[in-house]
Amino acid sequence: MQNVDVAALFTELADLLEIQGANPFRVRAYRNAARTIENLSESVAGIVADPDHDLSTLEGIGKDLAEKIETIVKTGHLPQLEEQRAEIPADVREMLRIPGLGPKKVAALFHELNVRTLGDLRAAAEGGKIAELKGFGKKTAQTILEGLALLEEVGKRVYLAVAKPAADEIVADLLASGTVEQASVAGSCRRRKESCGDLDLLAVASDSKGAMDCLAAHPLVTKVLARGETKQRVRLHSGLELDLRVVPAESYGAALQYFTGSKEHNIVVRRRAQERGLKINEYGVFRGEESIAGQSEEEVYAAVELPWIPPELRENRGEIELAEQHRLPKLLELSNMRGDLHMHTTATDGTASIEEMIEAAKARGLEYIAITDHSKRVTMANGLDADRLREHWRNIDAVRKKTKGIHVLCGIECDILEDATMDLPDDVLAEADWVLAVLHYGLKQPRAKIQERLLMALRNPYVHAIGHPSGRIIGQRPGADIDFDELFHVAKEEGKFLEINADPSRLDLDDVHAAAAKARGIPIVISTDAHSTRGFASMEWGVYQARRAGLTAADVINTLPWKEFSKRIARR
DNA sequence: GCCGTTTTCGGCCCGACTGTTTTCAGTCG
């Protein structure tokens with residue numbers, strides 16, 4: 001049981017209580033607890049194992065929540081949550097994910113229209129029932145239908161940041177159990193896709209039954225859905241389903257290649273095999289009846305005269321051609337990252353002070369960072385006006401003067417307002433070491449208006465980069481309607497950078513647009529948007545997204561050593 | 001449900017926007 005799993009249970013309980021109309025502050029207490037646990041660097045399971053522990057010293061955790069955490073860690077369940085689950089169907093909670101539907105509206109749909117499933121919801125919206133409901137109207141019904149389409153499109157996919165740690169933990173535990181000799185995650189998780197629909201694990205096992213038992217008893221597993229000789233399907237706490245396949249050692253590479261996909265990539269690889277009189281399947285590479293390869297992926301690719309291709313690139317987006325010409329890029333690695341240029345402190349909506357963020361950045365080995373709190377438009381996050389920002393910068397300056405071993409930039413995440421002006425005047429931006437311009441509001445504006453806003457920001461002489469350019473939230477909110485061609489053109493013209501925001505729910509630019517930006521020669525900056533010291537860990541996800549875009553260290557501006565980086569951002 | 005007390009109950013971040021109303025509830029961030 002990891003911290004994210006404990007946090008997920010509290011978040012679920014908060015959602016359900018909110019639909020029940022519970023005291024909003026009680027609901028918030030559960031959400032705060034979830035956040036605290038997620039941001040914790042030690043595992044709560046580890047804390048509970050310590051006989052002298054006291055969970056109630058944690059922020060937002062009192063006597064009651066401390067007991068609930070213990071119950072979860074020890075039993076894997078939370079009785080209060082089970083009670084709520086019995087009252088409210090899972091789909092009703094799912095409705096909260098539809099933009100425009102909050103707990104009150106969901107409760108009204110549930111209680112007054114007896115909407116229990118997403119199917120019911122669609123029927124009610126299409127049948128005009130929803131528009132008649134008090135507080136609802138035609139627009140709301142339309143929004144719901146659009147939201148449903150989005151939900152269906154992404155299905156029950158979870159962020160890579162949820163899927164990969166679970167897969168890694170199970171693989172490690174299988175290997176440690178001694179029942180398997182080799183094990184790896186395959187599928188979209190191995191390709192580091194931003195979200196995963198399920199998990200595929202492959203193993204070579206001398207003790208196949210033991211491996212299956214080990215998985216069935218794993219603390220992350222809630223239910224065994226199906227079990228056979230070589231394949232077992234289970235459901236995890238996160239709702240994610242996981243397949244474990246046990247394969248013979250001589251087929252391991254072939255199976256790994258086969259189950260890593262993508263389907264499109266494999267179709268091309270198999271066609272190459274056909275052209276060479278070979279056949280590739282999950283058991284190996286065959287000439288007639290004879291197996292000629294299969295133990296490793298390298299062998300499989302070599303059989304079709306290709307070098308091994310990194311999983312992140314296996315989407316049939318030109319990687320086969322590059323491999324053929326031996327021009328595969330040397331992909332960016334996490335260890336290449338030297339700076340982080342997007343983060344928050346307690347001055348706005350971060351949870352750590354200037355000092356704490358700087359120390360945490362140093363501890364991660366970063367050479368330079370930019371502290372970029374919100375501008376005033378983001379009222380909810382306590383955004384900074386000119387006076388507060390200048391004071392904040394003075395505070396940062398005071399800390400950096402006495403800090404050795406890291407360079408700290410006084411930055412700002414400045415909103416691009418709906419009327420295509422910047423949220424702070426130029427004379428303020430001119431004083432910043434680093435200016436990130438971002439869209440937060442008015443993401444649904446028509447393309448022309450969005451474009452006007454982005455181009456205005458790119459042409460502002462004090463802006464260095466556009467942060468999370470599209471504003472999308474994976475599986476929840478589509479990005480703004482952007483003419484990327486024009487955006488790239490003007491970014492190139494103005495010598496501006498574009499961000500890959502490494503937050504696992506954003507990863508924006510996405511792989512496709514980041515690849516397009518690279519092709520235009522636009523430097524990419526990958527930053528975590530950390531709201532806590534723990535947030536720095538998100539860099540990993542940003543790097544994966546960059547790798548999927550085929551980016552090398554040379555394509556990413558914050559891989560540069562400080563001296564060169566500081567020259568690149570110096571004002572002309 | 002947590003926290004901090006003027007120790008045992010009252011306060012807990014809230015402004016803008018949207019779609020619904022016809023003065024505001026709900027949602028978003």
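FYI, side chains are in, hydrogens and waters are out, and symmetry mates aren't considered; it's all heavy atoms of this structure. In what follows, chains carry the letters A, B, and so on, assigned in the order in which the sequence lines appear, proteins first and then strands, with residues in each chain numbered from 1.
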Answer for the Watson-Crick or wobble partner of B:dT8, both distances under 3.5 Å, is none
In this structure, CG of A:Leu17 is separated from CG of A:Leu81 (nearest 0.5 Å) by 9.0 Å
Check whether any side-chain nitrogen or oxygen of A:Lys68 sits under 4.0 Å from OP1 or OP2 of B:dG1, and answer yes or no.
yes
What class does the angle between the rings of A:Trp434 and A:Phe497 fall in, given that below 30° is parallel, 30 to 60° is tilted and above 60° is perpendicular?
parallel
A:Met95 CE - B:dT27 C1' separation (whole Å):
17 Å
Using modelled atom types and a 3.5 Å cut-off, is there a donor and acceptor pairing between side-chain atoms of A:Arg472 and backbone atoms of A:Leu507?
yes
Among the nucleotides B:dT27, B:dT20, B:dG15, whichever has the atom closest to the side chain of A:Lys105 is B:dT27
Check every atom of B:dG1, B:dT27, B:dT20 against the side chain of A:Tyr30 and return the nucleotide holding the closest atom.
B:dG1
Heavy atoms only, 4.0 Å cut-off, all strands: where does A:Pro24 land among base, sugar-phosphate and nothing?
nothing
Between B:dT20 and B:dG26, how far apart are the P atoms? Round to whole Å, please.
14 Å
Can you check the distance between B:dC13 and B:dC28, where both ends of the measurement are the C1' atom (answer in whole Å)?
14 Å
Out of B:dG1, B:dT20, B:dC17, which has the shortest distance to the side chain of A:Asp64?
B:dG1
Could you check which of B:dG19, B:dC12, B:dC2 has an atom nearest any side-chain atom of A:Phe25?
B:dC12
Under 30°, 30 to 60°, or over 60°: which ring-plane class applies to A:His468 and A:His342, parallel, tilted or perpendicular?
tilted
What is the distance from NE2 of A:His374 to P of B:dG15, rounded to the nearest Å?
17 Å
What I want to check is whether an N or O donor and acceptor connect the side chain of A:Asn23 with the base of B:dG1 at under 3.5 Å.
yes
In terms of side-chain heavy atoms of A:Lys104, which of B:dT27, B:dC17, B:dG1 is nearest?
B:dT27
Shortest side-chain distance from A:Arg28, nucleotide among B:dC12, B:dT27, B:dG1:
B:dC12
Using the C1' atom as the reference point in each nucleotide, state the distance between B:dT8 and B:dC14 in Å, no decimals.
28 Å
How far, in whole Å, is B:dG19 from B:dT23 if one measures between their C1' atoms?
13 Å
Whole-Å distance, A:Phe136 CZ to B:dT21 P, equals 11 Å
Please report the distance, rounded to the nearest Å, between CD1 in A:Ile144 and C1' in B:dG19.
12 Å
Specify whether A:His531 and A:His374 have parallel, tilted or perpendicular ring planes, treating 30° as the upper limit for parallel and 60° as the lower limit for perpendicular.
tilted
Distance below 4.0 Å between A:Thr140 side-chain N/O and B:dT20 OP1 or OP2:
yes
If the C1' atom of B:dT21 is compared with that of B:dT27, how far apart are they to the nearest Å?
16 Å
Whole-Å gap separating P (B:dG15) and CG (A:Asp423):
16 Å
Separation of atom NZ in A:Lys63 from atom P in B:dG1, rounded to whole Å
11 Å
How close or far is atom C1' of B:dG1 from atom CD of A:Glu18, stated in whole angstroms?
14 Å
Write down the distance separating the C1' atoms in B:dG11 and B:dT6, rounded off to the nearest Å.
15 Å
A:Gly137 or A:Val106: which one's nearest nucleotide on DNA chain B is closer to the 5' end?
A:Gly137
Let me know which of A:Asp15, A:Thr36, A:Thr11 forms a side-chain hydrogen bond (donor to acceptor under 3.5 Å, both in side chains) with A:Arg31.
A:Asp15
Report the distance from atom CG of A:Leu133 to atom C1' of B:dT21, rounded to the nearest whole Å.
15 Å
